[in-house]
> 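Below you will find the structure I want to go over with you.
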Amino acid sequence: MQKQKVSLTNPLDWATGRFSASTSGSWGIIERTPTEEEKQKFLNYFQNYLKLLGPLQNELLTSDLYIHAALHQPSGNTETKVLPHFLPIPSLAGRSQKRSDFRLAYTTFTPQTIKHRPLLILHGYAEYGPVNFELIARQAGSRLVYVIHWPGHGASDGIRDIPFYAETSSDYVEACLEFLKMIQHHHPEGVDVIAHIMGGAILLDTLGTHMGQSYQSLIHHLVLSAPMLALKGMGWLSEVLYSNTFTRKLLALMARNSRKPKSLISP
Amino acid sequence: MKHLTLNADEQIRIIQRQQSQVSDHLSNSESDWILAANAMMTRIQTQTSQTWRYFNGQAIIWAGPNDKITDGPRSIKIFQNLFPKGKIHETQLPHRIHTHPEVLGEIFKEIN
């Protein structure tokens, strides 16, 4: 059996014992209990990450801060990679609890050299794209990778007490449309897309129902991973809620029932 | 920068305890999401290849009967209606297809 090199990449790792592992270059998941050293390593990451975030701390939930901190280990000149980017969505203004406008967040993974078309990743319901699709981002090689944060998810605006927000499906479509406009502006040569469950449905709804030649022709390869074209039923939702609670509400509990990052710091 | 006061073991216990407290109650927001999802799927299911006439790229789907959430076989039929020349990968994986290294390898073979 090959020796596995384990890296602490996910804030949930040391709570669940699930680690991202690399074996001779291919990525997978193994399960084991994290060591004290690894736990301390993550907490150190988090402390350093708060320094990098600065005022943006107040814009993110504690759970998101943990996730970002773990995903982007702050060292050297990583500041520009750490922070999510924000795209204003004027048509969704007022949907946020904190702000009068609405900002859609997206994370970019930038390789050292870019040789291929950019890759867009559209995550599914109750997922956090930069973490759930980290494996893909790592394997994208010489592609610039964009990972969207759907409204109500990740660092995007939305109703955050209940982490997944969609008053109507048009909210997602509006966000998708503006995101694609931005992508086309920066990458008129076109992109490839990987979309998972709800991400696939939003994209097909946006491009098929609401948009024509300009944006459909933007996409060279469209990969749909278990797209939400038909569901087995809603019984699975409780499982998703469970996962969602885990990734957001419960991580907030880690901050002693406070949603403010400041409370993570001793007085 | 002041020191973080969190105790990792304590946090883990909190999470593990909460993991056993799965609520089956749907809030208003979750009901909204169900309505939103149904609206999207209804619109997509009425689309045809004609709707996608400007799409010159390659469409690829990974879906299968064992998917815990989506109806894989029916999804494939809808996909075929949208993309008659699309490529279909049937998988026996339960879900989160994109996290399986072997599938990731196949995805990048397709798009590179």
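Each chain gets a letter, A, B and so on, in the order the sequences are listed, and its residues count up from 1.
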> Considering only heavy atoms and a distance below 4.5 Å, find which of Gly212(A), Ser170(A), Ser217(A) pairs most often with chain B.
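Answer, by heavy-atom pair count under 4.5 Å with chain B: Gly212(A).
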> If you compare all heavy atoms of Leu119(A) against all heavy atoms of Ile111(B), which two are closest, and at what distance to 0.1 Å?
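Scanning both residues, the minimum pair turns out to be CD1-CD1, 4.2 Å.
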> Side chains of Arg43(B) and His210(A): closer than 4.5 Å at any heavy-atom pair?
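In contact.
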> Checking an interface table here. Which of residues 49-59 of chain B come within a heavy-atom distance under 4.5 Å of chain A?
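Against chain A, the residues of residues 49-59 of chain B that fall inside the cut-off (heavy atoms, under 4.5 Å) are Thr51(B), Trp52(B), Arg53(B), Tyr54(B), Phe55(B), Gly57(B), Gln58(B), Ala59(B).
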> Report which part of Phe79(B) has an atom under 4.5 Å of a heavy atom belonging to chain A: side chain, backbone, both, or neither.
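Backbone plus side chain of Phe79(B), per the 4.5 Å heavy-atom cut-off to chain A.
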> To the nearest 0.5 Å, tell me how far Arg143(A) CZ sits from Phe108(B) CZ.
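Between Arg143(A) CZ and Phe108(B) CZ, I get 6.5 Å after rounding to 0.5 Å.
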> Which heavy-atom pair separates Pro65(B) from Lys232(A) by the least distance, and what is that distance?
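In this case the closest contact between Pro65(B) and Lys232(A) is O-NZ, 3.0 Å.
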> Just give me the residue among Ala39(B), Gly72(B), Ser75(B), Pro73(B) that pairs up with chain A most often, heavy atom to heavy atom, under 4.5 Å.
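Winner by heavy-atom pair count: Ser75(B).
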> Could you pull out the closest heavy-atom pair between Gln47(B) and Leu204(A), with the gap in Å?
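Smallest interatomic distance, heavy atoms only, reads NE2-O, 3.1 Å.
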> Quick one: what part of Ile76(B) sits under 4.5 Å from any heavy atom of chain A, side chain, backbone, both or neither?
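Neither part; nothing is under 4.5 Å.
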> With sequence neighbours left out, write down each residue that passes salt bridge (charged side-chain N to carboxylate O under 4.0 Å, His left out) with Glu90(B), or none if nothing qualifies.
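If we apply the salt bridge (charged side-chain N to carboxylate O under 4.0 Å, His left out) test to Glu90(B), skipping adjacent residues, there are no hits.
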> Compare every heavy atom of Ala226(A) with every heavy atom of Thr70(B), then report the nearest pair and how far apart it is.
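Smallest interatomic distance, heavy atoms only, reads CG2-O, 3.4 Å.
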> I'd like to check Arg74(B) versus Leu229(A) (side-chain heavy atoms, cut-off strictly below 4.5 Å). Are they in contact?
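Counting from C-beta outward, Arg74(B) and Leu229(A) never come under 4.5 Å.
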> Please state whether the side chain, the backbone, both or neither of Ile44(B) comes within less than 4.5 Å of a heavy atom of chain A.
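For Ile44(B), the contact with chain A is made by the side chain alone.
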> How many angstroms lie between CG in Leu224(A) and CD1 in Ile88(B), if you round to the nearest 0.5 Å?
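So the CG of Leu224(A) and the CD1 of Ile88(B) are separated by 11.0 Å.
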> Checking Glu110(B) side chain against Val223(A) main chain: does a donor-acceptor pair fall under 3.5 Å?
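Judged by distance alone, no pair lies under 3.5 Å.
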> Looking only at non-hydrogen atoms, find the nearest pair between Ile202(A) and Met40(B) and report the distance.
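That closest heavy-atom pairing would be CG1-SD, 3.5 Å.
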> Can you tell me how far OG of Ser225(A) sits from NE2 of His89(B), rounded to the nearest 0.5 angstrom?
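If we round to the nearest 0.5 Å, His89(B):NE2 and Ser225(A):OG are 11.5 Å apart.
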> So, for Pro227(A) and Trp62(B), which heavy atoms are closest and what is the spacing to 0.1 Å?
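The answer is CD-O, 4.2 Å.
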> In Å, rounded to the nearest 0.5 Å, how long is the span from CD1 of Ile60(B) to NE2 of His221(A)?
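Between atom CD1 of Ile60(B) and atom NE2 of His221(A) there are 5.5 Å.
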